Structures are given as C-alpha cells and as structure tokens.
Amino acid sequence: MNQYTRSGATLANQVKGLGIENPVVLDAISSVPRHLFVEQVLAHKAYENTALPIGQGQTISQPYIVGKMTQMLVEHGVTSNVLEIGTGSGYQAAILGRVFSQVFSVERIRQLQLIAKRRLQKLDIYNVQMKHGDGWLGWESKAPFDAIIVTAAPESVPQALKSQLKDGGILILPVGIENQQLVTIVRSGDEFIETQHEPVKFVPLVSGDTA
C-alpha cells in the first residue's frame, strides 16, 4: 500500500465521520487519487477535507461535499445517466464515474476540460463523456437525465437544467451568491419539488464558454 492509497483510505474515513456512509461512494473516494487533480505544489494538501484552487478562478470541491452530493443521488435511486455541470479538475467526474454507469460532464473553460479528460483517461475511467460548453444550457442532445449535479452556484436555478431532467429525476446544486444553499429538485411531471439542505460555498456558475 503506497502513500496515496493510504491517504485515500484516510480521506474516506474522514468523510465517513461527517455522515458519508454509502459504501460505494466511500470506495470511490478511497480509490480515486485526489493528488492527481491538483497542482503538484498542493499535492500534500490533497487528502485534507478542504477545497483547493485549480487555476482559472476555479476550485476542486471539498471531499465531504463531493461525497454528500454523490450520496444524495445514490439515495434517490440513481444508477446511470448523470449530467455534471462544471467539470473543473475532473475529480467529481471521476467519483461519479466510479459510482454510476454513464456520466456526462460539461465545462465552460476549454483548458480545464482538456486537462480533466486526460486525468480520467490516465485512471482508465472511460464512462464519462465530456464537452466544452455553457453549463447553463446543460447538454440537450443527451437529455433527459436521471440526475444532474452542478458544482458551481447560479443565482437562480437554470431553467434548461430543470427541463432536461426525466420524470422522477433529481437535480442537485448550490444556489445563491453570498449565502448559498444546497438544493435538490425532483421532477414530478411538470412540477418541480424543491428541498433546501445545508449552507455551502461554491464558485459562481458563469454563463457562456471560453477557450
């Protein structure tokens, strides 16, 4: 067992102590080497339960919240067809790829998207399809989705994402500017049932895309 394998197991134990108890999610956190998703100078902090900068004004999310959002999808009964908005470093996409059979991920910053794609290939995670584009618009050609997970905070819920949920599907995202709340939205026909959860802190979900 090398240093990073031990560190992954330690990280999984940390988030388990915070309420992430699903064994499949914990196994994914334990097995995905988080140090590969940050700059080498920050590798020593990779297995701490903290968000870290990844450049371009973006961050790699706190492992607890990655586990929390993933576990919430599992608890809803999701097994496949998950859309992620905001690929970023690719860490959340890698966790999703280990938990669900088919994942789609959209990133507005092309450089981040290309780096994340290479990281997942290095880890032999091939069930995640990636696209460079505007996350506010979702990925209409692949819809409807069983679940959509958003890893940046819009001021209000993007209508396109709600419309791309299948009936019974779940959308989970942080909402707000200064005071952000983790929100789940479940589609029931033409109705959308919203539930507020804990306070969170994410970078803003910016519209448009950029090279």
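Being a predicted model, the structure only gives us computed values, none of them experimental.
For Val200 against Pro174, the heavy-atom pair with the smallest separation is CG2-CB, 3.7 Å. When all heavy atoms of Ile20 and Gly67 are compared, the closest pair comes out as CD1-C, 3.8 Å. The two residues Leu161 and Gly138 come nearest to each other via the heavy atoms CD2-CA, 3.6 Å. In this structure, Ser156 and Val175 approach most closely via the heavy-atom pair CA-CG1, 4.2 Å.
The closest side-chain heavy-atom distance from Gln102 to Gln129 is below 4.5 Å. Side-chain contact between Leu165 and Ile148 is present, with at least one heavy-atom pair separated by less than 4.5 Å. A 4.5 Å side-chain heavy-atom check between Tyr47 and Pro33 finds at least one atom pair inside the cut-off. Between Gln196 and Val183 the shortest side-chain heavy-atom distance falls below 4.5 Å. Two residues are said to be in side-chain contact when any heavy atoms from C-beta on lie closer than 4.5 Å; Leu112 and Thr87 fail this criterion. By the 4.5 Å heavy-atom criterion applied to side chains, Phe100 and Thr70 are counted as neighbours. Proximity of Leu73 to Val82: side-chain heavy atoms (C-beta onward) are separated by under 4.5 Å at one or more points. Using a 4.5 Å heavy-atom cutoff, the side chains of Met72 and Ile170 are not in contact.
Tyr126 and Leu123 fall into different hydrophobic clusters, where Ile, Leu, Val, Met, Phe, Trp and Tyr side chains are chained together by heavy-atom contacts under 4.5 Å. Under a hydrophobic clustering in which Ile, Leu, Val, Met, Phe, Trp and Tyr are joined whenever their side-chain heavy atoms come within less than 4.5 Å, directly or via other members, Val150 and Val203 fall into different clusters. Ile109 and Val106 are assigned to two separate hydrophobic clusters, defined by single-linkage of ILVMFWY side chains at heavy-atom distances under 4.5 Å. Taken together through direct or relayed side-chain contacts under 4.5 Å among Ile, Leu, Val, Met, Phe, Trp and Tyr, Ile54 and Leu205 form parts of separate hydrophobic clusters. Cluster membership check: Val78 does not share its hydrophobic cluster with Leu83, using side-chain heavy-atom separations under 4.5 Å among Ile, Leu, Val, Met, Phe, Trp and Tyr.
Atom CD of Glu155 has 12 or fewer heavy atoms from other residues, nucleotides or ligands within 6.0 Å. Remark: Lys16 NZ is loosely packed, at most 12 non-hydrogen atoms of other residues, nucleotides or ligands lying under 6.0 Å away.
Note: Tyr91 and Phe37 have perpendicular aromatic rings, judged against thresholds of 30 and 60 degrees for the angle between ring planes.
In this structure, the side chain of His76 does not engage the main chain of Leu171 through any donor-acceptor pair within 3.5 Å. Looking at Gln58, its side chain never comes within 3.5 Å of a backbone N or O of Gly88 through a donor-acceptor pair. Side-chain atoms of Gln71 come within 3.5 Å of backbone N or O of Glu21 as a donor-acceptor pair. Ser30 contributes no side-chain N or O that, together with a main-chain N or O of Leu26, makes up a donor-acceptor pair within less than 3.5 Å. Distance alone, capped at 3.5 Å, places no donor-acceptor pair between the Arg98 side chain and the Val25 backbone. A side-chain donor-acceptor contact under 3.5 Å links Asp167 to the backbone of Gly189. Looking at Asn127, its side chain does come within 3.5 Å of a backbone N or O of Ser101 through a donor-acceptor pair. No donor-acceptor distance shorter than 3.5 angstrom exists from the side chain of Arg187 to the backbone of Gly169, with no hydrogens or angles considered.
Residue pairs satisfying the salt bridge (charged side-chain N to carboxylate O under 4.0 Å, His left out) criterion with at least one member in residues 52-75, sequence neighbours excluded, are listed as follows: Lys68-Glu198. Residue pairs that meet the side-chain hydrogen bond (donor to acceptor under 3.5 Å, both in side chains) test with at least one member in residues 174-184, sequence neighbours left out, are Thr184-His197.
Judged by the 6.0 Å distance and 45° axis criteria, Lys162 is positioned over the aromatic ring of Phe192.
Between the CZ atom of Arg110 and the NE2 atom of His132 there is a distance of 4.5 Å, given to the nearest 0.5 Å. Annotation: the span from Ile65 atom CD1 to Asn49 atom CG amounts to 9.5 Å, rounded to 0.5 Å. Between the OG atom in Ser7 and the CD atom in Glu48 there is a gap of 10.5 Å [rounded to 0.5 Å]. Atom NZ in Lys131 sits 10.5 Å away from atom CD in Gln113 (nearest 0.5 Å). Expressed to the nearest 0.5 Å, how far CZ of Arg119 lies from CG of Leu36 amounts to 8.0 Å. Put simply, CD on Glu107 and NZ on Lys117 are 13.5 Å apart, with the number rounded to the nearest 0.5 Å.
When only modelled atom types and interatomic distance are considered, Gln92 and Glu84 share no side-chain donor-acceptor pair under 3.5 Å.
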Show your reasoning for whether side chain to side chain contact (heavy atoms under 4.5 Å, CB included) applies to Trp136 and Ile85. CA-CA 8 Å; Trp136 276 82; Ile85 301 299; over 6 Å; no
